[in-house]
Amino acid sequence: MQAVQEARGTAERAARESFGRLVSWLAWQWRDIAAAEDALSDALLKALEAWPAEGIPQAPDAWLLAVAKRQLLQVARHDRVRFDPAVTVLFEHEGTHEAPPDIPDARLKLMFVCAHPAIDEKVRTPLMLQTVLGLQAAEIAPAMLMSPSALAQRLVRAKQKIRDAGLRFEEPETSELPQRLHHVLESVYGAFGLSVDAVDGAEGRMSDLQQEAIFLCSVVCQLLPESAEAKGLLALMIFCRARQAAQVSADEAFVPLQRQDVHRWNREAIIQADHCLWSAAQLRQPGPFQLEAAIQAAHCHRLFTGVTPWRAIDDLYRQINQYFPTAGSRVAGAVATAEAGDAAAGLAQLLAMDSKRLQGFQPWWVARAHLLSMLGRLDEADAAFQTAIGLSTQQRIKDHLEARRQSVRKA
Amino acid sequence: MQYMLIYHETAEDFTKRTNPETAQAHMGSSSAYIGALGQAGVIVSGNGLQPPHTGTSVRLRDGKRLIHDGPYADTKEHLGGYFIIDVPSLDDALEWAARSPNAATGTTEVRPVLPPLGK
């Protein structure tokens, strides 16, 4: 009984710890993610049967890989036409019994495939979470605001496309690398749950998969140590997470960044993120994630200095908006300009944005309400708060905006 | 693409409409939501409905009319209102559904509208 439990425990640990590495390697060799996943799941089931009787092998990973490969070969024999003989030969020539040397880490190759421009943007993040971390569609779906069955369908289609379109499981050419890596990092950021469009107040949208996103990003940092943007994204996510506890007060109300009690921020995490951003800066390859991280660093420095350096933040947003503008960064930049002392200029920046796209963009309405109330234009501020409340999804945010609206009315 | 947003509300939500302590906040959140829908220019049509006990159901069985007081089904949530909106994709419709005040306590269903017959 104990042996069974131990074997089960070992198989489950192996599944969690090395699923991504094993699937990546198999998928890279086999060029078919779905087949690799099926074969590995099969191997895990076989392990649960075999290990209690035969004992746990010395190298569980190698055992699982060998069984998964045999399974893939069996399928291939039934289905010869579909498979490239060059690939199956590669497998057949490898002895399956001796312990293989170190398994090369193919997770990065797999991430590049998952975030390939030919894959639907919306499916890249869940695809990466499923293949690299082994999460189930049902675990991922809520964070992606999708139904599990719809997500599962999209994932199946994406994997078919990867196989049938013959996307290469290789790291991209040097010339392509920055753009392709940006897709990978955006998908990782997607798992974190903050879209690039997020501004102050949107931190409530951080998903339950933050830990997974940080793990994926640290894998990229480890495998591509020369990428400044990967380090920048890692720093950005750690900064945001460090402040998360302070975002909800003791009575469960939303606390905006400016009102947060800095003692509730995670000091160690902020120092760690600072280091990470510093080592990114040493590489001298500026990029949007590093700039976003620098802005978060500036906000976090209130912990050490007691004040928010709005002028510096305003300057950083100017750089972002010059080179990598998004609707979110332009709204946040307008607020920074206002907080740095020129509310009229901030409002002008807001009004200069394309209004059609913004009718349903909650951060724009929040910023508009905030800047109008700074300028004493209270009736217009009231109306803007109304719209912002209507565009919010979270009760906490609605309550917070309603309280701000009431205080403007009384003023 | 047109979608119907169908707001299923709980009994508590219906009582919030008339309870003097909660009515103002309840109407406030509804009007903020409807205001934002209007501001975005996506509304095709829509209405709020009187509470379920004001409903009357009709069935025709063996040629006989069966009139039933109240809503058809005895469920925990009842239809409180609907909007038909015109938005580019299901994702946009789901976003509007998530913003509806009753989504936090009841359910907001999103259904694509059939194109007019004969087209």
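Every chain is numbered from 1 and lettered A, B, ... according to where its sequence line falls, protein lines coming before strand lines.
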Is it true that, when you exclude A:Q160 itself, more than 12 heavy atoms of the residues, nucleotides or ligands shown sit nearer than 6.0 Å to its CD? yes
The interface call for B:S100 against chain A, heavy-atom contacts under 4.5 Å, is backbone
A:D354 atom CG: more than 12 heavy-atom contacts under 6.0 Å: yes
| Is the CE atom of B:M1 crowded by more than 12 outside heavy atoms at less than 6.0 Å? | yes
Pairs under 3.5 angstrom only: tabulate donor-acceptor contacts from the side chains of residues 48-67 of chain B to other protein residues two or more places apart or in another chain.
unit_1 : atom_1 : unit_2 : atom_2 : d
B:T54  : OG1    : B:P51  : O      : 2.5
B:S57  : OG     : B:G70  : O      : 2.8
B:S57  : OG     : B:Y72  : N      : 3.3

Most contact-rich option vs chain B, by heavy-atom pairs under 4.5 angstrom, among A:E402, A:Q395, A:K398, is A:K398
Test side chain to side chain contact (heavy atoms under 4.5 Å, CB included), reference A:L391, set B:E95, B:R99, B:Q39, output is B:R99
